[in-house]
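Note that ligands are numbered from 1 as they come in the structure, with each ligand's atoms numbered from 1 the same way. None of the values given here were measured: they were computed from a predicted structure. The figures here come from the full heavy-atom set of this structure, side chains too, leaving out hydrogens, waters and symmetry mates.
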Amino acid sequence: MSNVIIVGTQWGDEGKGKIVDWLSQKAHLVVRFQGGHNAGHTLVVNDKVFKLSLLPSGIVREKTLVLIGNGVVIDPFHLQKEINELSDQNIKISSDNLIISDSAFIILPIHKLIDKLREEKKNKNKIGTTGRGIGPSYEDKVGRRGVRVCDLYDKDELYNKLSNLYDFHNIWLIATGEKKQDPDEILEKLWALGQKLKSYVQPSWLLINKFNRPSFNILFEGAQGTFLDIDHGTYPFVTSSNTVASQAGIGAGLGPTCIDFTVGITKAYTTRVGSGPFPTEDTGEDGMALGKKGHEFGTVTGRQRRCGWFDAVLVRQAVSLSSINGIALTKLDVLDGFEEIKICTGYNLDDKIINYLPSSEKQQKKIKPIYEIMKGWKGSVVGLRKINEFPQEARDYISKLEKLIECPIILISTSPERSDTIYINDPFSPN
Ligand code: GDP
Ligand code: IMO
Ligand code: MG
């Protein structure tokens, strides 16, 4: 029995939700440890589509307990909405299968407002955030003026904390000609919602400790992707949390020695939504074709995702940054029918070849990908259940990726449907 972390290895939307759902069949507890409802995870189970943002993807499995850990930022209004929407889809949600950490931070309406205003006020260089208040909420956390879930259960304390936070933000709002925000407008609503959510709330590290035993499997579900990480990503075009595997321990409440296996989720090509450097972006026909075949539209904002070829330099870097043991390769079917498939194997920077993503924003924008061209395959891999049924060229592509990213591929996904998944090695009991 073991503890497994799942992280995205690119810029998010790698298909983490599908893989978490698939692996949840073996997990007793599924834990979200960072991010918030900026995430958008689509699950397809027997033609039924589930869209999740804040709830861990294990929630659609009847017997799986899910936990929103302390490292997540929670918009309680959105959470209630998501619970209602899933209940409408016949997913039973109660304190028997959902736990919320009492030390997670809250996203308030003022955070959403600030997120939107900041983006509007930036003429150029917009980050292209999801507009959900993620950044401002994490800023208040490290600024030591945040409001936590546990604060929802003492009205005086809640009011004091809200007032302190609103006082801080009103200085900037007024100075930039915006309307002053009043904590009184939110207090009662927040209090009422807190009461509704109360049965889910616990000191979650205690629960994790109970499950961190030989008889249980815990699955840690990362959101976003490695290059949206606040430390390791394409800063400042990143999200405001750490998305790499080490965050699982911090955002859930256990130490690094408890982790047995880390799975990186990797799309067979690359996408990015929002602004920022993207060395293999293809704005021509191939990029259009990838977007069309892969239905590359964001779940959260509906924005079109930028598309390009596989970047082995990036994924190799992600493997190193999270000490990834095995890769789940998704959306291989989207490459069906391409005559040629390109793989980026290095970058050209000022006439020098480099094999890593430089840290400087300027250099990240300047680098040019160096491609190796592979022959595409005829026919389709959709729904195939064994790798030896794949066309030879598809098998060659997989072997090439493994070699370039220096990590074995342990799972392959060939359609959005839960069952179209090929298991090569089990992360819960790897051989
Ligand atoms: P996440 O944010 O990493 O969970 O990924 P998203 O759910 O935002 O985006 C992945 C999209 O690809 C979803 O619409 C999935 O249903 C879909 N998807 C996942 N795996 C596959 C696959 O192997 N093939 C195809 N064609 N679609 C997939
Ligand atoms: P999942 O879990 C893709 C991107 C936004 C923006 C940047 C900052 O579905 O993979 P934020 O609202 O977090 O401050 O926005 O990060 N972003 C994502 N892109 N998938 C996600 O999540 C993302 N979450 C945030 O588009 O560029
Ligand atoms: Mg997504």
Atom 4 (O) of ligand 1 - nearest protein heavy atom and its distance: Gly17 N, 2.8 Å
Among Thr266, Ile265, Thr226, side-chain contact (heavy atoms from CB on, under 4.5 Å) partner for Gln10: Thr266
Heavy-atom nearest option to atom 10 (C) of ligand 1, drawn from Ile19, Thr330, Asp13, Val44: Asp13
More than 12 heavy atoms from other groups under 6.0 Å of NZ on Lys63: no
Protein contact of atom 20 (N) of ligand 1 - nearest heavy atom, named by residue and atom, plus distance: Ser413 OG, 3.4 Å
Per-atom contacts of ligand 1 with Arg305, taking only distances under 4.0 Å to non-hydrogen atoms: 8 (O), 9 (O)
Side chains of Asp396 and Ser399, donor plus acceptor under 3.5 Å: no
Side-chain H-bond candidate by donor/acceptor type, Glu221 with His41, under 3.5 Å: yes
Minimum-distance protein heavy atom relative to atom 16 (O) of ligand 1: Pro416 CB, 3.5 Å
Short side-chain donor-acceptor distance under 3.5 Å, Ser241 and Thr239: no
Distance-only side-chain donor-acceptor flag, Ser57 / Asp21, under 3.5 Å: no
For atom 19 (C) of ligand 1, the protein heavy atom that lies nearest, with its residue and separation: Lys18 CD, 4.1 Å
Option passing ring pair (Phe, Tyr, Trp, His ring centres under 6.0 Å) with Trp11 (candidates Phe237, Phe278, Tyr269): Phe278
Flag for Thr243-Gln224: side-chain donor and acceptor within less than 3.5 Å: no
Region of Ser415 that comes within reach of ligand 1 [heavy atoms, distance under 4.0 Å]: backbone
CG (Asp47) with more than 12 external heavy atoms under 6.0 Å: no
Gly40-ligand 1 polar pair, N/O distance under 3.5 Å: yes
Near the Mg ion (ligand 3) (under 2.8 Å) - protein N, O or S atoms: Asp13 OD1, Gly40 O
Atom pair NZ (Lys293) and NZ (Lys331), whose distance is rounded to the nearest 0.5 Å: 12.0 Å
Those atoms of ligand 1 less than 4.0 Å from some heavy atom in Thr414: 23 (O)
Sub-4.0 Å heavy-atom contact, Gly12 with ligand 1: no
Polar side chain donor-acceptor pair, Asn217 to Asn3, under 3.5 angstrom: no
Atom 24 (N) of ligand 1: nearest protein contact (heavy atom, Å): Asp333 OD1, 2.8 Å
Cation over ring face, Arg395 and Phe390, 6.0 Å, 45°: no
Ring-face cation of Lys26 near Phe428 (centre distance under 6.0 Å, axis angle within 45°): no
pair Thr280-Phe310: side-chain heavy atoms closer than 4.5 Å: no
Any Gly8 heavy atom less than 4.0 Å to ligand 1: no
Test item: side-chain donor near acceptor, Thr271 and Lys267, under 3.5 Å: yes
Protein contact to atom 13 (C) of ligand 1 [nearest heavy atom, distance to 0.1 Å]: Thr42 CB, 3.7 Å
Top protein contact for atom 11 (C) of ligand 1, by heavy-atom distance: Lys331 NZ, 3.7 Å
Working for side-chain hydrogen bond (donor to acceptor under 3.5 Å, both in side chains), residues Asn70 and Trp205: CA-CA 9 Å; Asn70 57 278; Trp205 66 272; over 6 Å; no
Protein residues that have a heavy atom under 4.0 Å from any atom of ligand 2, sorted by chain and number: Trp11, Gly12, Asp13, Lys16, Asn38, Ala39, Gly40, His41, Ile127, Gly128, Thr129, Thr130, Ala223, Gln224, Leu228, Val238, Thr239, Val273, Gly274, Arg303
